[in-house]
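Encoded as structure tokens, the structure appears first; notes follow it.
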Amino acid sequence: MTNQEEAKSPNEMETVYSCRECQAGHMHQTFITYMTWMGMELITVPDFPAWVCDVCGRREYDRNALRQLKLLLSPTVSDDPKLRRSAPNNRDLPKNPPGARP
């Protein structure tokens, strides 16, 4: 154990596992900026939980965080029109609203 590990209580010990890529490094949980493309737009998410190898730099993103992010970015989160927030299409607007002059 290093001095840093000895200073932590057993409940505060960091979970570490071997890197699948280089087999020499250890994966440590940290927070990084996650980037992905949605169509033609680059989406960046700061402070995204990930596992990073201390030797080769391999990144593995937290599965639960990815699942939540996909739900947030999904254009079809709900099929219930009452729950969707979208601007009405022109075809949905009445052609002559009440009180309007022809």
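Atom set for the values below is all heavy atoms of this structure, side chains included, hydrogens, waters and symmetry mates excluded.
Closest of all the heavy-atom pairs between Cys22 and Gly25 is SG-N, 3.3 Å.
Annotation: side chain of Leu42 is in contact with side chain of Met35 (closest heavy-atom distance under 4.5 Å). With a 4.5 Å cut-off on side-chain heavy atoms, Val45 and Thr33 do not count as touching. With a 4.5 Å cut-off on side-chain heavy atoms, Glu60 and Arg20 count as touching.
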Exercise for review: Check the pair Phe48, Leu66 against side-chain contact (heavy atoms from CB on, under 4.5 Å), reporting the backbone distance first and the verdict last.
Suggested key: CA-CA 9 Å; Phe48 198 81; Leu66 279 174; 3.9 Å; yes
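Atom CH2 of Trp37 sits about 9.5 Å away from atom CD1 of Ile43, to the nearest 0.5 Å. Here the OG1-CD1 distance, from Thr30 to Ile32, works out to 7.5 Å after rounding to the nearest 0.5 Å. The CZ atom of Phe31 sits 8.5 Å away from the CG atom of Asp62 when rounded to the nearest 0.5 Å. The structure places CD of Gln68 at 14.5 Å from CZ of Arg63, a figure rounded to the nearest 0.5 Å.
Note on Val55: it does not cluster hydrophobically with Val52, by side-chain heavy-atom contacts below 4.5 Å among ILVMFWY residues.
Side chain of Asp54 to main chain of His26: a donor-acceptor pair is present (N/O by atom type, distance under 3.5 Å, no hydrogens or angles).
The aromatic rings of Tyr17 and Trp51 sit tilted, their planes meeting at an angle between 30° and 60°.
Other residues, nucleotides and ligands contribute only 12 or fewer heavy atoms inside 6.0 Å of the CZ atom of Arg59.
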